[in-house]
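Worksheet for the structure shown next.
All values reported here derive from a predicted model rather than from experimental measurement. Below, read A as the first sequence line, B as the second, and so on, with proteins coming before strands; counting in each chain starts at 1.
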Amino acid sequence: MSKIYLEQALVYSNDEIAQDIFELRLETPAIASEHKPGQFINIQTNPGGLPLWRRPFSIARISGDIIDIIYKVIGTGTQQMAALRPGDAADIIGPLGNSFSVEIKSGTIPLLIGGGLGFAPLIILRDYFVHREITPVLFMGAVTKAEHYYLDDPQAELMLTTDDGTLGHQGLVTDSLQRYFEDAAGHQRFAAYSCGPEPMLAKVASVCRTHGIPLELSIEREMACGVGLCQGCAIEQLPPQKKYALVCKDGPIFNAEVLAFTDHTGSSND
Amino acid sequence: MSKIYLEQALVYSNDEIAQDIFELRLETPAIASEHKPGQFINIQTNPGGLPLWRRPFSIARISGDIIDIIYKVIGTGTQQMAALRPGDAADIIGPLGNSFSVEIKSGTIPLLIGGGLGFAPLIILRDYFVHREITPVLFMGAVTKAEHYYLDDPQAELMLTTDDGTLGHQGLVTDSLQRYFEDAAGHQRFAAYSCGPEPMLAKVASVCRTHGIPLELSIEREMACGVGLCQGCAIEQLPPQKKYALVCKDGPIFNAEVLAFTDHTGSSND
Amino acid sequence: MIDIRTEIGSLALNNPILTASGTFGYGDDLPDYVDIKDFGGIVTKSLTRQPRDGNAPPRIVETASGMLNSIGLANIGVEAFIRDKLPIIREKETVIIVNIAGSRLEEYCEILELLDGEAGIDAYEINVSCPNVKQGGMEFGVSCPHLKRLIKALRKLTERPIITKLSPNVTSIEEMAQAAVDAGSDMLSLVNTLVGAAIDIENRRPILSTIFGGLSGPAITPVALAQIFKVYESVNVPIIGIGGIGSAEDVIAFLMAGASAVQIGTMNYRDPGIGLKLMPRIEAWLGEHSIERITDIVGAAHA
Amino acid sequence: MIDIRTEIGSLALNNPILTASGTFGYGDDLPDYVDIKDFGGIVTKSLTRQPRDGNAPPRIVETASGMLNSIGLANIGVEAFIRDKLPIIREKETVIIVNIAGSRLEEYCEILELLDGEAGIDAYEINVSCPNVKQGGMEFGVSCPHLKRLIKALRKLTERPIITKLSPNVTSIEEMAQAAVDAGSDMLSLVNTLVGAAIDIENRRPILSTIFGGLSGPAITPVALAQIFKVYESVNVPIIGIGGIGSAEDVIAFLMAGASAVQIGTMNYRDPGIGLKLMPRIEAWLGEHSIERITDIVGAAHA
Ligand SMILES: Cc1cc2nc3c(=O)[nH]c(=O)nc-3n(C[C@H](O)[C@H](O)[C@H](O)COP(=O)(O)OP(=O)(O)OC[C@H]3O[C@@H](n4cnc5c(N)ncnc54)[C@H](O)[C@@H]3O)c2cc1C
Ligand SMILES: Cc1cc2nc3c(=O)[nH]c(=O)nc-3n(C[C@H](O)[C@H](O)[C@H](O)COP(=O)(O)OP(=O)(O)OC[C@H]3O[C@@H](n4cnc5c(N)ncnc54)[C@H](O)[C@@H]3O)c2cc1C
Ligand SMILES: Cc1cc2nc3c(=O)[nH]c(=O)nc-3n(C[C@H](O)[C@H](O)[C@H](O)COP(=O)(O)O)c2cc1C
Ligand SMILES: Cc1cc2nc3c(=O)[nH]c(=O)nc-3n(C[C@H](O)[C@H](O)[C@H](O)COP(=O)(O)O)c2cc1C
Ligand code: FES
Ligand code: FES
């Protein structure tokens, strides 16, 4: 476990990078140096006021002392975050949770599959691999063009999809993944990592299982504490694992095969 | 009763005019034209969030379509108000409450006695008289120089006091009033109006009673509704008045002689 | 067109939003921007037999997402109400529910008898749970036999619908609900305020002159929803939901928990125009979810 | 120098701030920036005889100034606690209070007997009021005879201080307090959570898998203060105050209402370092008010 810090991080910038999607850059040397890909921070969006709980966000990128958070404005907490200005302080706890398994056999191709905001934690993973001269394949889906914020990657293979066809392939990110496997004809080694809405994750799990590819998922749950104290963020696991894991502490990264929800393959409502 | 409006008023300006004291100028033609001196507005400082109750503030000045509020930052609500920027909307209800009795016999000298923020509602009264070519005498007290925001008045007589002597006379505003009466030697007609901390008001009431001068007080109470619906803002009256009056509706302006608290003359803790 | 009308027992409401007692006066003297027609109905301030001055100040305290009050049933008394207020409000196009309170059974009966002779009252709401009056009244809200006796006595005196307003400050809300229904209550409204207190640390004493007051506002919404959910499963009369309601989502949640209509109290204070604002949002929500009648969602959260 | 030490019965505390059960784990596995010494003592998660997985998710909901939980007493069980946790925490320089919960009287007794053989436990807190476990336990918290029987049985088994943790979901908190004290409880802690619910309107069902959960946080502070105020006037044992505490002013208010010490629960989540922050502020407040000992303000709000 990495050391956990409670910090008043300096806001370096906070810009809208796509529709309602912001990139918050925070100066926090301790968390930046301690973090591992897949971990998150927990931010108090209105110190002393409401909302009562901190809000969790994946670390999307590190550059020197600065960590980047990419977030979508969906409610009170994220609205308050959008009002942060350079020079403000942000009350954060981190780095939290476990991390992706990044040690892969040489020749293995990392597949990074993200839906919507679910792409944020995969960016840092992409950076990790690219830094080690491993070229990942990135699958990124969104509802529509305006919500895509990761448009171009000269150092990796990038497959964009939109539900409405306004950018990249029309369709779901899982269609794109399926097609990729058909083309790849099965004689390569892959390691898959995914993050996004759970119906999508279930489908990704089903596709990966069919092709015998190990898959790690980054899971989101509402969190009261984020540090394993409240037991609120339980997620059901399959036997022989213990019945419930804590997303904040045992996760947020899980092997797809241990989780109960990915067992319902073929759920069609993504 | 004047008509009451619920409005999204445009913030014209919001400047710090003394230490922690702000002047908020709001564009609201309806309230500006309907108001009478002594009335107040009730502002929702964080629409949809906390604090739950609106916050009441006296109208301190009117210029055309614009009403001025002078407020001191003391807690959550006023902190939120301090963050208002020109062009923002402010959710206000007003004008509320009754008003000062401004019809005075010719030759009567209005005495306006304010302590701290308690001076705000007296400014609009001062404007009323000056506009009618009646010259009021203004007594204004504060703890220290930094808290004085009304420093100069070419059209009225102005007596400043500070507790610590950093501006004007050292002492209490009631000392200054007492001295004024001694000098005036009692052969003029006066009408007194006062607003400020209640121990001060009790003392002003006692001084005025001694000199047989009619006195109206502007009273503050915490308010849940501000419009007479909750009965929360009760203040005790002396017989033969009904036992409790509502500060938001029967007040905020009361004849000093009807209130119970001014009956305890000589209370020394101001 | 979405049908937002609803019925609570024999009462037809234009929409399910009522005002809560003590938060809307008598419905006659409202700020100009409030139109009483925006509400499905109004509930008056509790009336007692004699006028009451109410409790000594301080009477209210703001708390985290809520407030405490100990108004002490300050009201003009039933006779002045009949003389001065009823003639005005009975002309308004809305349902009029008169709330009554007393400290003895006989007092409740006298008030109801006086009112029952008057036209223009659609129902009675019986306040058995005002926690901040010293001279009793409270035992009716926390003891089944007392409650039963009271409602039975009132039932005999009127043909009009009786709504018993339940106190949340009990070990078993189901038992109280059952007692009221057994005694002939046509409907139930819940919750009244929770007993609470606040301390003035500078002066080292309780803030409220009565020490204890009633907690209301969004803070109590989860407690209200739980009690309504339970009562819906235990008795078979319409429920009027109360407790911190301030948004369209709140109203929908209360209906799904089992309320047929709701009352808005504390959130009226911030926004007396709230009736006007919420109904269009609720209609929009129903439309987006292809729900044609608002009554279709009543109790929908029950398996 | 202000004296911030306090005593609750025979327990000497370095300061009056304890952690609340279920909000600090077992005290062994804390974020690095938390120093257990900042707290006057810690209360463990409720221990049951056997390990418990806890309830199905969703287990928590954020509400207005509060939260609902239905964790369902997920814990490692008393034996694993004795084996894996107690050896670690008994070394820490703070008071250790072990909270126990059961569904039958015999279960409580077995747990306490196992613990009583172990060194390093300063007191037991008896959870009789967990509202979100299906298989009982709750009747002890809402029925005087049941509570009396339970505490009497436990009293026979130990010399260590027994703290009975009262449920706020009762008609008369004074009666429950009296029952616990009559049965031999050395102290009382209150309040546990209020029963509440929340509705998922999109899916038309309760949010929590168990429908009902426990409401905690600043929303319930006024209810906690009222019950503590009442209990302080009705029994004569030390009270540990609980309910939404998050600021120095809150701690002072709870002490003035009658608590000798307090527990912090929900507000720990936002700020697990809260123990470190509040005590200096409380000391400063006492200093400004020329109060030399923190114990001087206990019960100060009572006339
Ligand atoms: C480990 C982890 C990592 C995350 N990383 C990111 C990230 O990189 N970028 C990003 O934009 N978001 C991320 N999230 C989600 C983010 O925490 C929520 O969007 C945020 O808490 C919403 O706060 P709010 O106050 O704006 O919305 P609220 O007002 O709290 O909620 C608005 C709506 O969203 C739902 N909601 C709230 N929180 C969650 C949640 N955690 N999961 C699912 N639904 C929720 C609510 O039920 C409500 O319907 C992450 C969550 C977790 C647990
Ligand atoms: C009719 C009326 C006119 C007013 N006019 C002005 C004005 O012109 N300028 C101005 O600065 N203020 C005025 N006030 C007071 C103003 O309403 C309060 O300062 C404001 O509500 C504080 O809000 P807050 O959220 O910042 O502080 P809070 O966090 O609510 O309170 C901070 C502290 O101040 C106390 N407090 C809060 N409200 C009041 C109140 N109404 N009276 C006394 N103590 C209170 C609280 O108990 C608390 O201790 C007026 C009040 C009334 C009733
Ligand atoms: C200031 C105030 C006065 C109240 N007076 C009464 C009353 O006279 N009779 C009554 O039955 N309920 C009274 N109530 C209770 C409300 O009708 C309602 O049951 C309670 O406030 C919960 O709803 P809310 O959270 O929407 O306010 C009063 C509430 C408040 C806040
Ligand atoms: C997530 C959570 C879990 C809890 N678990 C327990 C528990 O196991 N045993 C217990 O006695 N109380 C438990 N409580 C209740 C708290 O100890 C405390 O009594 C209550 O939350 C009120 O205090 P607060 O408002 O400061 O949180 C729990 C509370 C929460 C929020
Ligand atoms: S959020 Fe509290 S244990 Fe995970
Ligand atoms: S503040 Fe509600 S009646 Fe005056």
Can you tell which of D:Gly265, D:Ala64, D:Pro57, D:Gly66 has the highest number of heavy-atom pairs within less than 4.5 Å of chain A? D:Pro57

Just so I understand: if I count every heavy-atom pair under 4.5 Å between each of D:Ala56, D:Gly25, D:Pro272 and chain A, which residue has the most? D:Ala56

Which atoms of [X] come close to chain D, meaning under 4.5 Å heavy atom to heavy atom: side chain ones, backbone ones, both, or neither?
| X | answer |
| --- | --- |
| A:Tyr5 | backbone |
| A:Ile93 | side chain |
| A:Gln44 | side chain |

Region of [X] in contact with chain A, defined by heavy-atom distances below 4.5 Å:
| X | result |
| --- | --- |
| D:Ser247 | neither |
| D:Thr23 | backbone |
| D:Pro58 | neither |
| D:Val34 | neither |

Taking the ring centre of each residue, are A:Phe100 and A:Tyr128 less than 6.0 Å apart? no

Would a line drawn from the ring center of A:Phe22 to the ring center of A:Tyr71 be shorter than 6.0 Å? yes

Can you tell whether the side chains of [X] and [Y] come within less than 4.0 Å, N to carboxylate O?
| X | Y | answer |
| --- | --- | --- |
| A:Asp68 | A:Arg61 | yes |
| A:Lys242 | A:Glu236 | no |
| D:Asp29 | D:Lys85 | no |
| D:Asp38 | D:Lys277 | no |

Can you tell me how far the CD1 atom of D:Ile240 sits from the CG atom of D:Leu13, to the nearest 0.5 Å? 7.5 Å

Derivation and outcome, side chain to side chain contact (heavy atoms under 4.5 Å, CB included), residues A:Val247 and A:Met223: CA-CA 9 Å; A:Val247 172; A:Met223 295 181 173; 3.7 Å; yes

Heavy-atom pairs under 4.5 Å with chain D are the metric here; pick the option from A:Gln231, A:Glu222, A:Arg54 that has the most. A:Gln231

Most heavy-atom pairs under 4.5 Å with chain D, out of A:Cys233, A:Pro51, A:Pro47, A:Gly228, belong to A:Pro51

